[in-house]
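Shown next, in structure tokens, is the structure this report addresses.
Heads up: numbering here begins at 1 and tracks the sequence.
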Amino acid sequence: ALVAIAVLANWLVSLTPIGNRGADFTENKVHTLSPGTRAILGELDTPVVIRYYASRSTDYMPEELKLHMRRVDDLLKEYSSISDGKLRVENLDPEPDTDAEDSANLDGINGQRMDDQNLFFGLAISCLDKTSVIPFIDPRNETMLEYQISKAIADVSTPTKPKIGLMSALD
């Protein structure tokens, strides 16, 4: 009876918005988005679309890449939840001779050749008529992933670049 109550309570809590939040107990808050990223997502005025190209249906995906793919999935879910509906993530699996593969090629994301398979693992971030592309998400650069995505979102969502002036007593 206690096990049934625990399972039922867990299921009920998971249905609420509180149940879908995670807690980051790591020392340096490694799995929490930085304040800069939160500010970028909070300042979005126009909708941003992230097309996430990942070859999920292939058997040739290395285990290291599968684990990194799960981390990217979680990161993009967190981005989407913080953006208050201004950021939409489209998950696409570009199989050979499909519309998803054509879309990936049009976005400038070419697959990486592994074991005679063309594996896709990249992002195309677009807002209105601007598009920024991360052609391949390298697992070795996992520490830079949040920076790359946030920079791409800021690049496509900012209409004009800020101008910085320098005042000096010199001529």
Side-chain angles (χ1 to χ4, degrees), residues 10-57 61 65-95 98-111 119-164:
N10 190 17
W11 177 69
L12 288 174
V13 168
S14 71
L15 294 177
T16 65
I18 296 170
N20 293 328
R21 305 230 175 185
D24 186 3
F25 295 113
T26 58
E27 183 177 345
N28 295 325
K29 302 290 183 197
V30 176
H31 302 290
T32 303
L33 292 180
S34 68
T37 296
R38 291 178 182 275
I40 290 170
L41 294 175
E43 294 173 359
L44 288 178
D45 294 333
T46 55
V48 175
V49 177
I50 297 179
R51 286 181 300 283
Y52 176 33
Y53 298 100
S55 299
R56 298 178 190 278
S57 60
M61 183 71 72
L65 218 50
K66 285 182 185 179
L67 292 173
H68 189 58
M69 193 179 293
R70 285 191 208 122
R71 167 77 176 116
V72 174
D73 290 341
D74 294 341
L75 185 66
L76 291 177
K77 283 179 189 173
E78 194 169 351
Y79 268 80
S80 182
S81 68
I82 289 175
S83 70
D84 293 329
K86 293 288 186 177
L87 182 111
R88 184 170 42 100
V89 178
E90 295 177 356
N91 291 309
L92 300 167
D93 187 358
E95 294 181 15
T98 61
D99 290 339
E101 184 183 36
D102 293 340
S103 177
N105 289 329
L106 286 174
D107 280 331
I109 297 175
N110 299 319
L119 299 180
F120 291 84
F121 191 39
L123 297 171
I125 297 106
S126 62
C127 179
L128 300 176
D129 61 343
K130 293 183 183 178
T131 301
S132 182
V133 176
I134 301 173
F136 183 71
I137 304 170
D138 193 355
R140 294 172 291 187
N141 292 338
E142 184 173 4
T143 57
M144 295 297 293
L145 182 61
E146 180 184 348
Y147 169 76
Q148 290 173 338
I149 296 172
S150 297
K151 182 181 181 311
I153 291 171
D155 286 346
V156 299
S157 66
T158 307
T160 57
K161 299 283 184 195
K163 293 185 180 181
I164 299 174

Checking Val72 against Tyr52 for the side chain to side chain contact (heavy atoms under 4.5 Å, CB included) test, could you report, in this order, the C-alpha distance in whole Å, the side-chain angles of both residues, the deciding distance, and whether it holds? CA-CA 9 Å; Val72 174; Tyr52 176 33; 3.5 Å; yes
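When the side chain to side chain donor-acceptor pair (under 3.5 Å) test is applied to Glu43, no partner is found at least two apart in sequence or on another chain.
A heavy-atom distance below 4.5 Å is found between the side chains of Asp73 and Arg56. A 4.5 Å side-chain heavy-atom check between Lys86 and Leu41 finds every atom pair outside the cut-off. Counting heavy atoms from C-beta on, the side chains of Ile50 and Ile153 come closer than 4.5 Å. Between Arg51 and Ser126 there is a side-chain heavy-atom pair separated by less than 4.5 Å.
Considering all non-hydrogen atoms of both residues, Asp93 and Ser55 come closest at OD1-CA, 3.3 Å. The minimum heavy-atom distance linking Leu33 with Arg38 is given by the pair O-NE, 3.5 Å. Asn110 and Phe120 make their closest contact through C-CE2, 3.9 Å (heavy atoms, listed as atom of the first residue, atom of the second, distance). Across Thr37 and Ser150, no two heavy atoms sit closer than the pair OG1-OG, 2.8 Å.
Ring geometry, His68 versus Phe121: the interplanar angle exceeds 60°, so the pair is classed perpendicular (tilted spans 30 to 60°).
Side-chain contact annotation: Ser103 with Tyr53, donor-acceptor N/O pair under 3.5 Å present.
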Show the atom names and distances, to 0.1 Å, of all donor-acceptor pairs under 3.5 Å that link a side chain in residues 134-141 to residues at least two apart or in another chain.
unit_1	atom_1	unit_2	atom_2	d
Asp138	OD1	Arg140	N	3.2
Asp138	OD1	Arg140	NE	3.2
Asp138	OD2	Arg140	NE	3.2
Asp138	OD2	Arg140	NH2	3.0

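Between atom CG of residue Leu106 and atom CD of residue Glu101 there is a gap of 10.5 Å, rounded to the nearest 0.5 Å. Note: Leu76 CG to Asn91 CG = 7.5 Å, rounded to the nearest 0.5 Å. Annotation: the span from Asp45 atom CG to Cys127 atom SG amounts to 9.0 Å, rounded to 0.5 Å. Remark: Asp107 CG to Ser132 OG distance equals 10.5 Å, nearest 0.5 Å. The distance from atom OG of Ser157 to atom CD1 of Ile125, rounded to the nearest 0.5 Å, is 10.5 Å. In this structure, CG on Leu44 lies 9.5 Å from CG on Asp84, to the nearest 0.5 angstrom.
A salt bridge is defined here as a Lys NZ or Arg NE, NH1 or NH2 lying under 4.0 Å from an Asp or Glu carboxylate O, and Lys151 with Asp155 meets this definition.
Atom NZ of Lys130 sits in a crowded spot, with more than 12 heavy atoms from other residues, nucleotides or ligands closer than 6.0 Å.
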